[in-house]
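Along the sequence shown, the residues carry numbers beginning at 1. None of the values given here were measured: they were computed from a predicted structure.
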Amino acid sequence: MKVLLVHPSGLMYTEVYLRLEPLGLERVAASLRNAGHEVQLLDLQVFKHRHYQSLLRTWRPDAVAFSLNYLANIPEVVDLARLTRRLLPDTLVFVGGHSASFTAREILAHADGAIDCVVKGEGEEIASRILAAWVDKEELSTLPGVITTAGEGPPPRMIESLDDTLPARDLVRKRHKYFIGVLDPCASVEFSRGCPWNCTFCSAWTFYGRSYRKASPGAVGEDLARVREPGVFIVDDVAFIHAEHGHAIADEIEKRNIRKQYYLETRCDVLLKNKEVFARWKKLGLSYMFLGVEAIDEEGLLRHRKRVSLGKSFEALEFARSLGITVAVNIIADPSWDEARFAVVREWMLSVPEIVHLTVNTPYPGTETWTTDARSLATRNYKLFDVQHAVLPTALPLEKFYEELVKTQQILFKKHMGWQALKSCASIAAGHLMRGQTNFVKTLWKFGGQYNVQKLLDDHREETRYPIALPARKAEKVDARSLYILKPELVGAAMATDRDRLGLANKG
């Protein structure tokens with residue numbers, strides 16, 4: 001079959017901070033090619049809707065699959081599915097991805113027949129089975145993790161191994177468009193999958209059933225050896241949870257003499273526990289790190305269930321500085337904040353050298369906070385669920401909240417973007433421009449166009465064509481297992497052992 005895989009358009013922050021290759025779709029594409037299908041991949045972060053329509057008319061795919069990892073992209077994907085059904089009425093249309101897994105029935109209802117099925121869980125193995133069932137005219141809803149308007153199959157299953165399929169990066173055109181910060185261009189690589197912690201605001205752990213799996217060092221080395229870009233973003237939710245895994249991959253990189261610059265995400269407690277691993281990776285090219293600090297007060301850390309004290313968070317920042325790694329951190333701005341709270345955060349941001357991002361506390365399907373807070377939503381527009389907008393009622397008038405939010409975010413711009421950044425990164429910027437890479441330089445002046453009070457308010461006035469469905473009732477007590485997409489009993493004893501090693505068993 002001719003299969004077209006589609007990644008939706010970028011969101012607000014992709015205009016300023018990063019644009020990452022569609023790694024998940026690349027892995028699904030490789031799996032489908034291995035099964036004998038002809039595959040094309042279109043990334044609408046880079047291309048336009050007109051390019052999608054052109055492909056439908058000229059190539060006429062037998063199947064179209066959309067990746068839906070972010071709630072804010074649901075209206076776009078539904079509209080594109082409806083367009084596909086009008087132009088190619090006999091084409092199989094299906095959707096998968098992180099957010100799609102938590103909103104499958106809602107997506108089918110919005111699409112009103114334009115989407116044949118939604119896939120919950122991982123896509124690498126089930127995609128080819130869906131195509132085979134479609135050809136044989138079998139009922140799709142009998143497949144694991146597949147939902148149609150007619151029914152739902154057995155629970156989704158985890159793929160057997162992260163080693164089996166390497167990403168089909170050759171299918172992605174204009175690879176020079178992918179970057180994160182000064183890593184321009186930048187590829188993405190996966191070392192591990194899942195997270196054994198259970199922060200209240202996050203759905204990574206509920207998607208994977210608090211499991212944690214690792215790719216083998218050999219497979220990681222083989223994948224890295226195929227990457228042409230000088231920059232690499234390690235997409236793991238928490239990098240180097242197990243020190244021995246980080247060292248084994250480092251051994252493989254040294255053996256293959258791979259030289260890259262790396263950017264990763266990890267937790268403060270993991271950084272402090274595995275200092276030797278991160279110090280070794282600094283020598284291998286680890287230059288940038290994202291730490292989810294989330295709060296600068298103990299009450300906030302407790303509310304988010306970070307399991308890290310404020311003192312340990314600050315100790316982790318000190319250690320990262322000692323390595324000479326550029327660190328970005330995230331602070332979650334709560335809709336309950338007043339002017340005084342924003343002022344405290346601004347004062348702290350000015351006192352530290354780190355790049356401090358602010359996101360807005362946002363309940364969304366798959367998180368514990370969705371079950372407890374969603375009934376109080378101030379909007380049901382999917383497009384606002386991007387952690388940049390306030391979707392819960394704010395203590396301050398909404399316009400005043402956004403004024404305080406933007407004023408606080410502007411510290412990042414003043415310290416790390418615009419002319420200040422260009423002066424401090426002149427040699428890096430010049431090198432990028434000499435190679436024809438303009439992503440990083442262009443972003444230095446895009447901040448004001450995106451983080452703008454009037455723009456944020458205008459977004460709230462946009463028509464809500466597909467309203468997000470609310471939970472039936474507010475949960476007084478959260479049953480975490482009821483949120484899982486990939487069930488623990490289907491994960492295996494090894495996953496429970498990982499939680500035991502980290503001291504996280506039986507802690508909610």
Side-chain angles (χ1 to χ4, degrees), residues 1-10 14 18-70 73 76-77 80-81 84 88 91-98 100 119 122-132 134 159 162-180 184-190 193 215 219-220 222-235 437 439:
M1 295 177 70
K2 294 195 296 185
V3 185
L4 176 59
L5 304 181
V6 184
H7 187 287
S9 303
T14 63
L18 53 81
R19 185 185 303 114
L20 300 177
E21 67 176 301
L23 186 64
L25 275 186
E26 291 170 0
R27 293 177 65 99
V28 172
S31 176
L32 291 175
R33 284 205 304 199
N34 291 342
H37 299 286
E38 184 181 353
V39 184
Q40 288 202 47
L41 195 160
L42 184 69
D43 186 358
L44 296 176
Q45 295 180 107
V46 175
F47 291 91
K48 304 296 183 184
H49 283 194
R50 68 175 183 274
H51 297 115
Y52 175 70
Q53 293 188 45
S54 176
L55 261 178
L56 292 184
R57 291 189 171 97
T58 59
W59 196 52
R60 303 187 67 80
D62 302 304
V64 175
F66 294 95
S67 170
L68 234 178
N69 288 321
Y70 302 105
N73 285 125
E76 177 190 19
V77 167
L80 289 175
T84 307
L88 300 173
T91 290
L92 167 65
V93 179
F94 62 106
V95 176
H98 186 97
V119 181
E122 298 169 319
E124 290 98 325
E125 291 179 358
I126 196 64
S128 59
R129 294 184 61 183
I130 290 172
L131 299 183
W134 181 261
I159 62 174
L162 299 183
D163 296 354
D164 291 345
T165 307
L166 294 180
R169 291 193 173 88
D170 60 292
L171 289 178
V172 176
R173 292 172 287 166
K174 297 190 177 181
R175 291 191 58 86
H176 66 283
K177 291 288 188 179
Y178 300 113
F179 76 103
I180 179 168
D184 179 16
C186 182
S188 295
V189 174
E190 183 179 47
R193 191 177 289 186
V220 172
E222 183 180 350
D223 192 21
L224 277 171
R226 298 161 68 238
V227 169
R228 297 193 301 272
E229 290 84 355
V232 171
F233 177 60
I234 300 168
V235 302
Q437 288 296 133
N439 298 305

Taking C-beta and beyond as the side chain, do [X] and [Y] meet within less than 4.5 Å on heavy atoms?
X      : Y      : result
Arg19  : Ile180 : no
Leu25  : Val172 : no
Leu56  : Pro61  : yes
Phe179 : Pro185 : no
Val189 : Val227 : yes
Leu32  : Leu131 : yes
Phe66  : Asn73  : no
Leu4   : Val6   : yes

Open item on the list: Do Ser188 and Tyr178 pair up side chain to side chain, a donor and an acceptor below 3.5 Å, judged on atom types alone?
Closed with: no
[X] side-chain N/O to [Y] backbone N/O, donor-acceptor pair under 3.5 Å:
X     : Y     : value
Gln45 : Leu20 : yes
Glu76 : Pro8  : no
Asn34 : Ala30 : yes
Thr58 : Ser54 : yes
Asn69 : His98 : yes

Open item on the list: Among Leu88, Thr84, Leu80, exactly one meets side-chain contact (heavy atoms from CB on, under 4.5 Å) together with Val64. Which residue is that?
Closed with: Thr84
If I compare all heavy atoms of [X] with all of [Y], which pair ends up nearest, and what's the gap?
X      : Y      : value
His49  : Leu44  : CD2-CD1, 3.9 Å
Ala127 : Val28  : CB-CG1, 3.9 Å
Ala215 : Val220 : CB-CG2, 3.8 Å

Task: Non-neighbouring partners of His37 that pass ring-ring contact (aromatic ring centres under 6.0 Å, His included), sequence neighbours left out - done: none
- [ ] Return the set of residues passing ring-ring contact (aromatic ring centres under 6.0 Å, His included) with Phe94 (not counting sequence neighbours), or none when no residue passes.
- [x] none
Would you please name every residue forming a side-chain hydrogen bond (donor to acceptor under 3.5 Å, both in side chains) with [X], sequence neighbours left out?
X      : result
Asp163 : Ser216
His51  : none
Gln53  : Arg57
Glu229 : Arg175

Task: Worked verdict on Glu122 versus Arg27 for salt bridge (charged side-chain N to carboxylate O under 4.0 Å, His left out) - done: CA-CA 10 Å; Glu122 298 169 319; Arg27 293 177 65 99; over 6 Å; no
Open item on the list: Salt bridge check, Glu38 against Lys2: does any charged N sit closer than 4.0 Å to a carboxylate O?
Closed with: no
Open item on the list: Taking Lys177 first and then Glu21, would you say they form a salt bridge - that is, a charged N and a carboxylate O separated by under 4.0 Å?
Closed with: no
TODO: Give, for atom NE2 of His7 and atom CG of Leu41, the distance between the pair rounded to the nearest 0.5 Å.
DONE: 9.0 Å
- [ ] Take Val119 and Val95, measure what side chain to side chain contact (heavy atoms under 4.5 Å, CB included) needs, and give me the verdict at the end.
- [x] CA-CA 6 Å; Val119 181; Val95 176; over 6 Å; no
TODO: Would you check, one step at a time, whether the test salt bridge (charged side-chain N to carboxylate O under 4.0 Å, His left out) holds for Glu26 with Arg33?
DONE: CA-CA 10 Å; Glu26 291 170 0; Arg33 284 205 304 199; over 6 Å; no
